[in-house]
4 protein chains.
Amino acid sequence: MKALVYKGPGEKAWEERPKPTILKPTDALVKVIKTTICGSDLHILKGDVPEVISGRVLGHEGVGIVEETGSAVSNFKKGDHVMISCITSCGKCAYCKKGMYSHCENGGWILGHLIDGTQAEYVRIPFADNSLYGIPEGMDEEALVMLSDILPTGFECGVLNGRVSPGDTVAIVGAGPVGLAALLTAQFYTPAEIIMIDKDDNRLAIAKKFGATRTINSAKLDAKDEIMNLTANKGVDCAIEAVGVPATFELCESIIAPGGHIANIGVHGRSVDLHMETLWSQNITITTRLVDTVTTPMLLKIVQAKKLDPMQLITHRFKLSEIIKAYDVFAHADKEKALKVIMTCD
Amino acid sequence: MKALVYKGPGEKAWEERPKPTILKPTDALVKVIKTTICGSDLHILKGDVPEVISGRVLGHEGVGIVEETGSAVSNFKKGDHVMISCITSCGKCAYCKKGMYSHCENGGWILGHLIDGTQAEYVRIPFADNSLYGIPEGMDEEALVMLSDILPTGFECGVLNGRVSPGDTVAIVGAGPVGLAALLTAQFYTPAEIIMIDKDDNRLAIAKKFGATRTINSAKLDAKDEIMNLTANKGVDCAIEAVGVPATFELCESIIAPGGHIANIGVHGRSVDLHMETLWSQNITITTRLVDTVTTPMLLKIVQAKKLDPMQLITHRFKLSEIIKAYDVFAHADKEKALKVIMTCD
Amino acid sequence: MKALVYKGPGEKAWEERPKPTILKPTDALVKVIKTTICGSDLHILKGDVPEVISGRVLGHEGVGIVEETGSAVSNFKKGDHVMISCITSCGKCAYCKKGMYSHCENGGWILGHLIDGTQAEYVRIPFADNSLYGIPEGMDEEALVMLSDILPTGFECGVLNGRVSPGDTVAIVGAGPVGLAALLTAQFYTPAEIIMIDKDDNRLAIAKKFGATRTINSAKLDAKDEIMNLTANKGVDCAIEAVGVPATFELCESIIAPGGHIANIGVHGRSVDLHMETLWSQNITITTRLVDTVTTPMLLKIVQAKKLDPMQLITHRFKLSEIIKAYDVFAHADKEKALKVIMTCD
Amino acid sequence: MKALVYKGPGEKAWEERPKPTILKPTDALVKVIKTTICGSDLHILKGDVPEVISGRVLGHEGVGIVEETGSAVSNFKKGDHVMISCITSCGKCAYCKKGMYSHCENGGWILGHLIDGTQAEYVRIPFADNSLYGIPEGMDEEALVMLSDILPTGFECGVLNGRVSPGDTVAIVGAGPVGLAALLTAQFYTPAEIIMIDKDDNRLAIAKKFGATRTINSAKLDAKDEIMNLTANKGVDCAIEAVGVPATFELCESIIAPGGHIANIGVHGRSVDLHMETLWSQNITITTRLVDTVTTPMLLKIVQAKKLDPMQLITHRFKLSEIIKAYDVFAHADKEKALKVIMTCD
């Protein structure tokens with residue numbers, strides 16, 4: 001089969017690889033129909049994720065068709081259409097039992113990271129019963145690629161951890177795909193205001209279309225001042241960090257109202273200054289989270305009920321064989337006005 | 001009347017002051033029977049709390065007898081024995097309605113801070129109906145001085161925010177009076193282990209007596225290493241910071257298990273390094289809180305039911321007129337083996 | 001002044017009454033601008049609420065202008081436009097401190113019940129600081145009459161107690177004004193399905209317009225069978241009872257899925273059969289609640305943010321002096337296709 | 001092997017049966033070391049549980065040693081000492097993912113019910129990875145038999161559902177083994193009062209020893225009147241029903257305070273009167289639950305930390321071969337002063 005293979009920092013190739021096989025009774029083999037590229041794939045390519053070895057097939061998102069199942073798999077059978085979760089869950093370790101699949105002792109984020117991933121014609125999925133989700137008939141499968149990672153990430157790490165509630169004032173810092181996923185899913189809870197902050201006017205315009213009540217271009221305006229003005233100097237009930245650098249995290253610290261929640265989504269490369277000299281008395285909560293995808297069944301119901309349209313996150317479409325080109329577009333998202341790119345197997 | 005008056009950085013005096021009077025219909029005038037000294041009183045004396053002006057009567061803890069009430073006070077009448085909360089709550093602003101009395105728009109921590117306090121023969125209590133608590137007959141009033149501040153602080157900021165749960169492994173960093181209050185009240189929830197960390201062997205011995213299952217002297221041992229050993233390298237479910245300096249906060253960051261809760265109690269003077277480069281994916285929660293004293297009615301019930309003995313926190317007793325000496329003992333708590341000191345009006 | 005006065009079972013009159021006056025420092029006197037009629041007013045008129053004495057001015061909903069305030073009132077002053085809560089909260093008893101204003105030891109539902117109410121030109125509001133809500137400039141005051149009772153009732157007793165969550169399947173039994181209020185506010189949480197059950201096709205048509213995804217006329221179809229068919233025989237996650245008779249409560253018992261929530265709003269006159277022989281093992285929750293109006297500040301924010309339009313609940317408008325006619329229309333709501341009727345002071 | 005076999009209503013036998021074998025890759029075969037008898041075993045024997053067919057091996061509690069594992073079992077291996085949960089959880093259906101193992105689509109309560117159980121020398125455990133719990137070295141295995149069913153049942157259905165909280169007043173109706181399990185585990189949350197109600201003075205004396213602060217013999221006194229006197233006419237914050245008949249459930253209805261929680265544990269054979277005519281406005285919660293055993297890992301930690309001693313629930317010990325005699329003692333628990341009986345394999 002063909003696959004997108006990481007060849008060490010800065011190098012990747014679309015090349016022939018042996019088709020994976022069932023290794024354990026809990027495995028399934030899935031023919032990939034559609035997949036996408038994540039920001040973390042770009043990080044891996046830069047060499048920022050040292051545990052990814054040269055030769056690894058990348059990708060942790062996608063939908064496909066079950067080709068074969070191990071003897072212990074009972075939720076799925078050959079021919080079933082499935083959505084692949086970015087998080088592999090064994091369903092039987094202490095973390096999985098608590099719903100914290102991200103820290104599964106036998107899984108977690110392993111696809112396209114510690115084992116071969118989904119940017120390929122076939123992928124082996126460990127613990128298939130707990131890591132695949134059946135696609136109800138009639139659903140648009142392309143839309144569901146957004147449920148592999150980006151929507152549960154925005155929702156769990158941002159919206160749920162931020163305890164977004166009816167009537168709240170919410171700020172989301174970063175209008176990339178994950179920040180926009182937080183924006184879309186925050187609306188499940190009917191906040192009064194969602195203020196989107198980014199440096200890219202195109203993305204802010206999209207945010208407006210996706211339901212932001214206000215946008216602030218932080219390259220042009222002082223975001224803290226703007227937000228304090230908009231909130232009568234109180235700050236926001238919930239600040240969602242969707243960038244992953246010290247400046248944006250500290251912005252969240254500076255705009256959070258007493259009793260408010262800072263929910264981090266961003267992947268950080270270094271420490272940030274936590275201003276405990278002011279925050280110690282402010283009754284705030286700060287949360288971090290690697291997505292657990294524990295809300296995937298609920299998100300599926302919401303998409304099925306047409307209360308959320310994930311298709312709006314998709315801006316570009318390619319054949320799977322054009323994946324090198326797709327990477328190029330995604331790597332220049334600003335210039336290309338790209339959010340998520342879809343690659344479809346021919 | 002006599003009162004302990006702040007005279008500017010480093011200076012205080014036990015001197016004659018006019019007896020306070022009712023200023024608003026919601027005020028009560030309380031004759032102070034017993035009061036105590038808080039770590040924050042020492043901070044004020046050092047000049048660290050600039051909003052406290054020279055001439056201010058200090059103190060925000062105590063029990064007393066109602067001497068007079070304003071026309072709108074209905075929960076109390078002359079002669080009632082009352083416990084004075086360190087937090088004044090108006091009961092009718094947006095924060096009070098949410099149970100966040102610490103940020104009451106008309107109160108909060110004002111006693112011995114923005115208005116005259118309890119280290120005096122009489123004190124005016126604003127919003128008396130919501131800021132005083134009736135003492136049920138037969139209760140030991142001295143014990144209840146511990147409910148003015150220290151026990152709700154340890155419980156709300158440490159135990160509740162840290163979500164201490166049955167079976168948990170808890171670490172408390174700092175075995176001063178507030179850390180010990182967290183230790184006593186953490187046991188309401190039957191954690192499996194409570195590990196107490198401090199540099200003072202005397203305080204660690206007290207912690208052991210108060211229910212700590214393990215103690216670590218961090219002056220002698222590497223606390224992080226010890227805890228990782230004790231927890232099979234997993235870390236603790238809940239880490240309570242009860243010191244207020246960067247090193248102890250960062251210790252909490254280093255010992256928290258995935259999914260765990262860091263609950264800050266300490267009053268911090270400067271920012272701390274938040275290691276988001278590792279914590280971003282650890283599904284943790286960090287909380288800050290100025291005590292709301294919203295759990296005071298519950299703590300009263302527990303003391304009344306003899307499930308908690310606050311008396312163990314009291315090590316020294318003085319007459320109110322000996323308050324200068326009491327301050328001296330409390331300021332040298334280590335040497336004097338002091339926890340809380342009680343001053344009683346003659 | 002003129003007022004609508006209860007004259008014993010079956011009797012009422014629009015007659016001259018002395019204008020109320022401030023009795024306590026916490027009172028406010030409010031000139032009523034708009035008021036409405038509640039189903040419970042009809043119950044009182046039938047003689048079903050024996051604690052209402054002859055001579056009582058009815059009504060517990062409305063908006064108005066503050067005319068005078070007692071000496072302890074600080075949130076409001078003469079001239080302020082206010083919304084009157086159906087629940088009077090003292091803000092300082094044990095229940096109010098827990099946010100359970102419905103059981104306030106000094107208030108609760110007293111307006112138009114134990115003290116004179118709002119269907120009059122003036123009304124005395126006890127504990128005004130906690131029982132009135134300021135109307136932000138620019139808001140439609142007529143819409144806010146719906147926030148006095150009906151919207152917090154539907155929301156707190158139905159939606160919050162029923163723990164309506166994103167993706168849920170919800171059934172609401174009873175499409176009267178309160179059931180419709182539950183329908184409107186359930187949508188704050190983005191359930192996948194809201195199935196409305198009633199015997200009146202007009203009301204079901206309104207429910208459809210208000211966001212119900214399905215409707216069932218239980219006079220024509222077996223509601224239980226229909227719901228079991230719609231839910232693949234699983235039942236609903238949340239069943240909201242908004243009628244108050246045994247048959248509708250038992251319908252909820254029969255359609256609740258394992259792990260589901262039955263939230264009662266209806267005012268019941270007699271006991272119902274609770275089928276513990278099947279329900280004991282179904283992991284369900286049943287809740288009851290008299291509205292606390294503790295969510296009123298949040299509902300105000302949502303209305304202000306235009307996420308909820310209460311005006312849709314208003315079908316008829318009268319002058320306050322036409323209140324007898326308004327009662328007549330409201331008493332024949334089915335025939336008149338009436339939901340809520342508004343009376344405006346000239 | 002030998003097993004206790006149900007032979008139709010009123011009939012049982014200790015007889016030879018084929019040793020079970022691994023049927024699926026997720027099965028384990030366990031050699032039973034210790035088992036016990038549950039009240040529901042007596043119900044089955046009376047013929048009250050029609051889905052139990054003649055020929056069924058009874059029993060759903062016990063500890064043992066793993067003899068053999070299917071190819072997909074990874075948490076356990078031959079020789080491991082394990083505690084058998086009364087609830088079988090597949091770990092991969094919608095209910096298991098929500099932590100509601102009781103309604104597992106592939107398991108639930110099946111042992112000694114729909115498949116052969118633990119009152120035998122060997123038992124086949126389906127979905128062993130999720131239905132067995134490893135016994136940490138050094139723990140008393142006999143004590144852990146109490147964790148198969150009775151302690152999680154009392155804790156989850158009674159204490160957790162009843163939301164027992166520090167300072168609460170709790171009533172437990174029924175001092176049988178499950179009521180006593182609720183009593184023991186309620187103390188994890190430090191309620192102020194636990195009032196135990198039963199008709200058997202011996203059991204009430206045991207309750208006192210187990211931590212009840214008050215006991216009421218409802219054969220001699222009017223339990224409702226007693227409780228209303230003890231609670232200044234307010235009622236209790238939490239009422240736990242551990243009997244399963246209408247009278248005891250209605251007692252709970254009559255003693256619950258506004259805002260309180262009625263948590264049902266009892267297995268009911270018929271419907272009860274729910275007094276909605278008074279309860280509709282009392283802001284109460286009623287819960288039902290078949291135990292999920294989702295708290296078993298936590299209970300294991302608590303037993304290991306010696307915060308709970310399950311041994312106190314065991315009153316009689318037999319050899320497994322004496323099981324007919326053990327049934328006889330357990331069936332006459334009152335006369336024999338029996339709580340739980342343990343049978344040990346020779």
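All values reported here derive from a predicted model rather than from experimental measurement. Letters A, B, ... mirror the listed sequences (proteins, then strands); counts begin at 1.
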Parallel, tilted or perpendicular, judged at 30° and 60°: which one describes the rings of C:His60 and C:Trp109? perpendicular
Would you check, one step at a time, whether the test side chain to side chain contact (heavy atoms under 4.5 Å, CB included) holds for D:Cys90 with D:Phe127? CA-CA 5 Å; D:Cys90 75; D:Phe127 306 108; 3.7 Å; yes
Using side chain to side chain contact (heavy atoms under 4.5 Å, CB included) as the criterion, point out the one residue from C:Thr185, C:Ile87, C:Val291 that pairs with C:Thr153. C:Val291
Distance col, row C:Asp41:CG vs C:Thr118:OG1, nearest 0.5 angstrom, shows 7.5 Å
Chain D contact residues among residues 229-246 of chain C, heavy-atom distance under 4.5 Å: none
Whether the side chain of C:Glu61 engages the backbone of C:Ser85 through a donor-acceptor N/O pair (distance < 3.5 Å, no angle test) should be reported. no
Backbone of C:Leu114 reached by a side-chain donor or acceptor of C:Glu51 within 3.5 Å: no
Within the distance-only criterion (no hydrogens, no angle test), does the side chain of D:Lys340 pair as donor or acceptor with the backbone N or O of D:Ile37 below 3.5 angstrom? yes
Only one of C:Thr88, C:Ile125, C:Ile110 passes side chain to side chain contact (heavy atoms under 4.5 Å, CB included) with C:Ile115, and that residue is C:Ile110
Within residues 266-286 of chain C, which residues come under 4.5 Å of chain D, heavy atom to heavy atom? C:Gly266, C:Val267, C:His268, C:Gly269, C:Arg270, C:Ser271, C:Val272, C:Asp273, C:Leu274, C:His275, C:Met276, C:Glu277, C:Leu279, C:Trp280, C:Ser281, C:Gln282, C:Asn283, C:Ile284, C:Thr285, C:Ile286
Does C:Gly62 offer a backbone N or O that forms a donor-acceptor pair with the side chain of C:Ser148 under 3.5 Å? yes
Using non-hydrogen atoms only, which part of C:Asp292 is less than 4.5 Å away from chain D: side chain, backbone, both, or neither? side chain
If you apply the rule side chain to side chain contact (heavy atoms under 4.5 Å, CB included), what do you find for C:Val170 with C:Glu193, and how did you get there? CA-CA 6 Å; C:Val170 176; C:Glu193 297 280 346; over 6 Å; no
